[in-house]
Peer 1: 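One structure, pasted below without further comment.
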2 protein chains.
Amino acid sequence: MARTRTRDDIIAVAADLFAHAGFKGTSLQDIATGVGCSKATLLYHFDSKEAILAALVAPAAAELAELTARLAALEGEPAREAAIDGFVDLVLRYRREAGLIYYGSLDVLMTPAFADAQPLIENLCAAFTAGSAEPTDRIAAEVLLAGICSVAIDKPDDDVLRSALVAVAKRALLTTRMKD
Amino acid sequence: MARTRTRDDIIAVAADLFAHAGFKGTSLQDIATGVGCSKATLLYHFDSKEAILAALVAPAAAELAELTARLAALEGEPAREAAIDGFVDLVLRYRREAGLIYYGSLDVLMTPAFADAQPLIENLCAAFTAGSAEPTDRIAAEVLLAGICSVAIDKPDDDVLRSALVAVAKRALLTTRMKD
DNA sequence: GTCTATAACTAGATAGAC
DNA sequence: GTCTATCTAGTTATAGAC
């Protein structure tokens, strides 16, 4: 984990470009220009373009795994509350990475980091539905997961955003309760 | 508007590939292989790769414009209801194109079709908030717009999906009402 | 209307100087 | 640790035969 200044710059610039133009839509030249170095310098610090992606996604994926572990101790409604709060918090702290992980299968190849994250997202989706098997609840959960990831990019990280995201999620997911 | 069999095939295959791998993530060779023809045939029917994108997005963009026109006659809560129903219907009928238009600025260049659609999406967002200027309402609207576009891809077009999407949107957007 | 062949260019990645 | 120069393979697009 040797951290150098340039290496961190590369990750920061790449995260920004990947989030806005996608992995395939961003070239090494784009990243190099953003950092202010050459393509060769990029490939001195990382083995390949995919390695840059893996490195920048890793911390977010690790925290997603931690969140999943915390949620495993809970069930039903408390689990849902904790899942919503935890997920919004995660997305806000890794807003550029969140979309890459979530939409990984669309734009990005199946690197290990993404394959590992998929069951975690599935788990999160289950927590959002509070265990309900209703297709309707499942669809609502997916809408919220994707919508939150999408909206967080490029928004300032103020408390209004956080509370608005949590609020809309809780409002949208309280479906079974209303039927009772 | 000369419609040939091959031309329609190209649009259908391209729509599918663009939706899953993005515009830059899909090559003319990918499309040609899917259609079962050569790259040259693609470029006989269309001037460029971008022209394929423009052609496949045009009908969806036109219907979005129609929806906007219909909504212009309404205000407040009825406008919101109509916007939700109309938007879900539109996304379900153009599920592969919806994401391209909505996330157009991220993955895809700014072709005229996308530049024209942007104010229409803005208008739709305003209808979703029922004119509210509250940042919280605005964020909720954006979450729903993006989430619905994202979820519709690859889901079977049954009535369960339609009603689930409408239901989650209405539930999530009824914020001001609950405060009263 | 579809094809093969190819031109012109850009991609990711390597070699080697400094 | 960073660079220029280069390689190979893939990209969009064109030319011209059929």
Side-chain angles (χ1 to χ4, degrees), chain A residues 1-58 97 100 103-104 106-114, chain B residues 1-58 100 104 106-114:
Chain A
M1 275 291 186
R3 296 249 163 135
T4 71
R5 183 68 218 288
T6 312
R7 193 190 145 96
D8 291 346
D9 280 356
I10 293 169
I11 289 186
V13 170
D16 217 57
L17 293 173
F18 288 167
H20 288 88
F23 178 71
K24 297 200 77 170
T26 303
S27 71
L28 290 181
Q29 187 57 62
D30 294 334
I31 302 170
T33 302
V35 172
C37 69
S38 70
K39 287 189 290 178
T41 298
L42 264 44
L43 294 166
Y44 167 80
H45 290 279
F46 298 92
D47 288 343
S48 65
K49 186 186 175 187
E50 270 200 38
I52 299 177
L53 176 68
L56 80 86
V57 148
E97 294 84 353
L100 288 172
Y103 303 113
L106 301 182
D107 181 25
V108 157
L109 350 178
M110 268 312 189
T111 55
F114 292 89
Chain B
M1 273 289 187
R3 294 251 163 135
T4 71
R5 182 67 220 289
T6 313
R7 194 190 143 94
D8 291 346
D9 279 356
I10 292 170
I11 289 186
V13 169
D16 217 56
L17 293 173
F18 288 167
H20 288 88
F23 178 71
K24 297 199 78 170
T26 303
S27 71
L28 290 180
Q29 186 58 63
D30 294 334
I31 302 170
T33 302
V35 172
C37 69
S38 72
K39 288 186 287 179
T41 299
L42 264 44
L43 294 165
Y44 167 80
H45 290 277
F46 299 91
D47 287 343
S48 66
K49 185 185 174 185
E50 270 200 38
I52 299 177
L53 176 68
L56 79 87
V57 149
L100 288 171
L106 302 182
D107 180 26
V108 158
L109 350 179
M110 267 312 190
T111 54
F114 292 89

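In the text below, chain A, chain B and the rest are named by the order of the sequence lines, each starting its count at 1. The model shown is predicted, which means the values in this text are computed figures rather than measured ones. Just so you know, these numbers use all the heavy atoms, side chains as well, and skip hydrogens, waters and symmetry mates.
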Peer 1: Measure from the side-chain N and O atoms of B:Asp30 to the backbone N and O of B:Ser27, and report whether any donor-acceptor pair falls under 3.5 Å.
Peer 2: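 Present.
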Peer 1: Check step by step if side-chain contact (heavy atoms from CB on, under 4.5 Å) holds for B:Ile10 and B:Thr6.
Peer 2: CA-CA 6 Å; B:Ile10 292 170; B:Thr6 313; 4.2 Å; yes
Peer 1: Do side-chain atoms of B:Thr26 reach the backbone of B:Ala21 as a donor and acceptor pair under 3.5 angstrom?
Peer 2: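 Not at all, since once roles are kept as given, no pair shorter than 3.5 Å links the two residues.
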Peer 1: Hey, does B:Ser27 reach any base, or is it just sugar-phosphate, or nothing, if we go heavy atoms under 4.0 Å?
Peer 2: sugar-phosphate
Peer 1: In whole angstrom, give the distance that lies between atom NZ of A:Lys39 and atom P of C:dA15.
Peer 2: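 Taking NZ of A:Lys39 and P of C:dA15, I get 15 Å after rounding.
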Peer 1: To the nearest angstrom, how far is A:Leu53 atom CG from C:dA13 atom P?
Peer 2: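 Answer to the nearest Å: 12 Å.
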Peer 1: Could you tell me how far apart A:Gln29 (CD) and D:dT11 (P) are, to the nearest whole angstrom?
Peer 2: 19 Å
Peer 1: In whole Å, what is the span from the CG atom of B:Leu42 to the C1' atom of C:dG1?
Peer 2: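 Distance check: B:Leu42 CG to C:dG1 C1' gives 13 Å.
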Peer 1: Heavy atoms only, 4.0 Å cut-off, all strands: where does B:Leu28 land among base, sugar-phosphate and nothing?
Peer 2: sugar-phosphate
Peer 1: Can you tell me if the side-chain N/O atoms of B:Tyr44 get under 4.0 Å from OP1 or OP2 in C:dT2?
Peer 2: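 Answer no for this pair, as no side-chain N or O of B:Tyr44 is under 4.0 Å from OP1 or OP2.
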Peer 1: Whole angstrom is fine here: how far is it from NZ in A:Lys49 over to P in D:dA9?
Peer 2: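 It works out to 19 Å between those atoms.
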Peer 1: Closer than 4.0 Å, any side-chain N/O of A:Thr6 to the OP1 or OP2 of D:dG1?
Peer 2: no
Peer 1: Atom OG1 of A:Thr4 and atom OH of A:Tyr44: how far apart are they, to the nearest 0.5 Å?
Peer 2: 8.5 Å
Peer 1: From NZ of B:Lys24 over to C1' of D:dT11, roughly how many Å is that when rounded to an integer?
Peer 2: 11 Å
Peer 1: Provide, to the nearest angstrom, the distance between the CZ atom belonging to A:Phe46 and the P atom belonging to C:dA13.
Peer 2: 13 Å
Peer 1: With rounding to the nearest 0.5 Å, note down the distance linking CG in A:Leu53 to CG in A:Leu100.
Peer 2: 6.0 Å
Peer 1: Counting only side-chain heavy atoms from C-beta out, which of C:dA15, D:dG1, C:dT2 sits nearest to B:His45?
Peer 2: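 So the side chain of B:His45 is nearest to C:dT2.
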Peer 1: How close or far is atom C1' of C:dA15 from atom CG of A:Leu43, stated in whole angstroms?
Peer 2: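 In whole Å, C:dA15 C1' lies 13 Å from A:Leu43 CG.
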Peer 1: Go through D:dT4, C:dT4, D:dT11 for me and flag the one nearest to the B:Ser38 side chain.
Peer 2: C:dT4
Peer 1: Can you tell me if the side-chain N/O atoms of B:Thr41 get under 4.0 Å from OP1 or OP2 in C:dC3?
Peer 2: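 Looking at the OP1 and OP2 atoms of C:dC3, one of them is under 4.0 Å from a side-chain N or O of B:Thr41.
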